[in-house]
Colleague: 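Got a structure for you, written out below as structure tokens; questions coming shortly.
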Amino acid sequence: MPELPEVESVRRCLEPRVRGALITEAQFLDPRSLPGDCPAKARAWVTGKTIEGLNRLGKYLVFHLAGGHYMVVHLRMTGRLYTMDTAESAGLVKLAAVFRLDNGTTLCFQDTRRFGTIYLGSDELFHSIGGLQRLGPDPTASDWDHRAWAAQLQKRRAPVKSLLLNQQLLAGLGNIYADESLFCAGIHPRRPGSSLTDADLRRLASCIRSILLDAIEHEGTTIRDFRNGYNQTGSFQGRLQVYRRTDQPCRHCGKPVEKLKLAGRSSHFCPACQKELPPW
DNA sequence: GAGAGCCTGGCG
DNA sequence: CGCCAGGCTCTC
């Protein structure tokens, strides 16, 4: 569910409400969200620690805790992380974890499909979490070296859509924004990375950046499950051009949007605006 | 590369 | 009932 803009929206909501706060009480209600840790041990570990800051690395949220400790959260498909006033939080059901803070805030972690994960530890976490240690560059960073990224893609024969989903090459795109970026750049999702010209990749890099930044401004896309750090929906769903618009007219040329399966995921594209023809 | 698996719930 | 879903990992 959450891709870079959704995770960033969560981070921006939460950061001012958790920074500087002490965790006075924690409950881990679903052991599956704690790979390698047990709930009792995790509870004792986080209780009494102060949250010094909240960063984002790709789709990971990183809580910086006093003493060089970290709590890293990945929301996967249906995870929600939001705050509410502790007074309002009584009787909440189906939470995977709850944290009470000394500033009167309660931080809730909810996850219908239970793929989401919470990792606790020190510096070694960044090596032990497989997806975190080899994370590619962040396309929303002002110093993103898109030319180096483009050169990597041109070395691969895999479909460009699969390459966009590979977090080792670029951190933050998921199925929605990969499809939207390819439409914006006029590139068919099945084109091999090695077939992309420098001009294609300059266009694609520019589309990725502008779409992600625009989606952050709109607090992300809510198809069904996504909620920001205030437990509210985003609004970028109204601006989608192809994602989940199969058989509906392309907003640019009117031809019906098509769908194909790539890397086990649906890919939505306009057959006229995103041609897959020789010379590829 | 592709496919299965991890889970739950909504939809046709 | 079967299919599908915003992510990621692991096996063939």
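Any value given below was found using the heavy atoms of this structure, including those in side chains, with hydrogens, waters and symmetry copies removed. The shown structure was predicted, so the numbers you read here are calculated from the model rather than taken from an experiment.
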Colleague: Map A:T112 and A:P159 onto DNA chain B by nearest heavy atom, then report which one ends up closer to the 5' terminus.
Modeller: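 The answer here is A:P159.
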
Colleague: In dot-bracket form, 5' to 3', how is DNA chain B paired? Count Watson-Crick and G-U wobble pairs only if both distances fall under 3.5 Å, and write | where the partner sits on another strand.
Modeller: ||||||.|||||

Colleague: For A:G116, does its backbone N or O pair with a side-chain atom of A:S33 as donor and acceptor, under 3.5 Å?
Modeller: no

Colleague: For A:T222 and for A:G130, find the nucleotide of DNA chain C with the closest heavy atom, then tell me which residue's nucleotide is more 5'.
Modeller: A:T222

Colleague: To check you understand the geometry: which heavy-atom pair defines the closest contact between A:V46 and A:A26, and what is its length?
Modeller: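 Nearest heavy atoms, A:V46 then A:A26: CG2-CB, 3.4 Å.
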
Colleague: Tell me whether the side-chain N/O atoms of A:R224 come closer than 4.0 Å to OP1 or OP2 in C:dG6.
Modeller: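 Result: no.
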
Colleague: Roughly how far apart, to the nearest Å, are C:dA5 and B:dA2 at atom P?
Modeller: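 Nearest-Å result for C:dA5 against B:dA2 at atom P: 16 Å.
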
Colleague: I want to verify a distance call: between C:dC8, B:dG9, C:dA5, whose nearest atom is closest to the A:Q167 side chain?
Modeller: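 Output: C:dC8.
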
Colleague: How long is the span from the SG atom in A:C184 to the CD atom in A:Q274, to the nearest 0.5 Å?
Modeller: 9.5 Å

Colleague: Does a donor on one side chain and an acceptor on the other come within less than 3.5 Å for A:N175 and A:E3?
Modeller: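 Short answer, no.
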
Colleague: Check whether NZ of the Lys or CZ of the Arg A:K41 lies under 6.0 Å from the centre of the six-membered ring of A:W45 and within 45 degrees of that ring's axis.
Modeller: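 Not satisfied by the 6.0 Å and 45° rule.
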
Colleague: To the nearest Å, how far apart are A:Y119 OH and C:dT9 P?
Modeller: 7 Å

Colleague: Compare the ring of A:F115 with the six-membered ring in the base of C:dC8 and state whether they stack (centres under 5.5 Å, planes under 30°).
Modeller: no

Colleague: Name the nucleic acid region contacted by A:G174, choosing base, sugar-phosphate or nothing; use a 4.0 angstrom heavy-atom cut-off, strictly under.
Modeller: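 Answer is sugar-phosphate: A:G174 comes under 4.0 Å of backbone atoms only.
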
Colleague: Could you tell me whether the phosphate oxygens of C:dC8, OP1 or OP2, come under 4.0 Å of any side-chain nitrogen or oxygen in A:R76?
Modeller: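 The answer is no; no side-chain N or O of A:R76 sits under 4.0 Å from OP1 or OP2.
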
Colleague: Mind checking the P distance from C:dG6 to B:dC11? Whole angstroms is fine.
Modeller: 16 Å

Colleague: Please report, rounded to the nearest Å, how far the P atom of C:dC4 is from the NZ atom of A:K259.
Modeller: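 Those two atoms, NZ and P, are 7 Å apart.
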
Colleague: Counting the benzene-type ring for Trp, do A:Y119 and A:F63 have ring centres under 6.0 Å apart?
Modeller: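 For A:Y119 and A:F63, the ring centres are not under 6.0 Å apart.
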
Colleague: Could you check whether atom CZ of A:R156 has more than 12 heavy atoms from other residues, nucleotides or ligands sitting under 6.0 Å from it?
Modeller: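 Incorrect, the count does not exceed 12.
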
Colleague: For A:Y243, report the nucleic acid contact type (base, sugar-phosphate, nothing); a contact means any heavy atom under 4.0 Å.
Modeller: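 Counting heavy atoms under 4.0 Å across all strands, the contact made by A:Y243 is with sugar-phosphate only.
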
Colleague: Is A:K261 near enough to B:dG1 that one of its side-chain N or O atoms lies under 4.0 angstrom from OP1 or OP2?
Modeller: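 Negative; the distance criterion is not met.
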
Colleague: Tell me: CZ of A:R32 to C1' of B:dG5, nearest whole Å?
Modeller: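 Checked: the CZ to C1' distance equals 14 Å.
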
Colleague: Tell me whether the OP1 or OP2 atom of C:dG7 has a side-chain N or O from A:H74 closer than 4.0 Å.
Modeller: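 Result: no.
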
Colleague: Rounded off to whole Å, could you give me the CD-to-P distance for the A:E3 and C:dG6 pair?
Modeller: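 Taking atom P of C:dG6 as the reference, CD of A:E3 is at 8 Å.
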
Colleague: What is the distance, rounded to the nearest whole Å, between atom OH of A:Y60 and atom P of C:dC8?
Modeller: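 That distance rounds to 6 Å.
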
Colleague: Return the minimal non-hydrogen interatomic distance between A:T24 and A:T47, and the atom names on each side.
Modeller: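 Looking at all heavy atoms of both residues, the closest pair is O-CG2, 3.6 Å.
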
Colleague: Rounded to whole angstrom units, what separation is found between the NZ atom of A:K59 and the P atom of C:dC8?
Modeller: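 The distance from NZ of A:K59 to P of C:dC8 comes to 4 Å, rounded to the nearest Å.
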
Colleague: Once you apply a heavy-atom cut-off of 4.0 Å, does A:S162 come out as touching a base, just sugar-phosphate, or nothing?
Modeller: nothing

Colleague: Which residue, A:L212, A:L4, A:I211, forms the side-chain contact (heavy atoms from CB on, under 4.5 Å) with A:L173?
Modeller: A:L212

Colleague: Think A:R156 has a side-chain N or O under 4.0 angstrom from the OP1 or OP2 of B:dG1?
Modeller: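 Looking at the OP1 and OP2 atoms of B:dG1, neither is under 4.0 Å from any side-chain N or O of A:R156.
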
Colleague: Please determine whether a side-chain nitrogen or oxygen atom of A:T78 lies at a distance below 4.0 Å from atom OP1 or OP2 of C:dA5.
Modeller: no

Colleague: Roughly, in whole Å, what's the span from CZ in A:R113 to P in B:dC6?
Modeller: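 Distance, rounded to whole Å: 13 Å.
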
Colleague: What is the distance, rounded to the nearest whole Å, between atom CZ of A:R239 and atom C1' of C:dG6?
Modeller: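 Rounding to the nearest Å, CZ of A:R239 and C1' of C:dG6 are 19 Å apart.
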
Colleague: When rounded to the nearest Å, what value does the distance between P atoms of C:dG2 and B:dG5 take?
Modeller: 16 Å

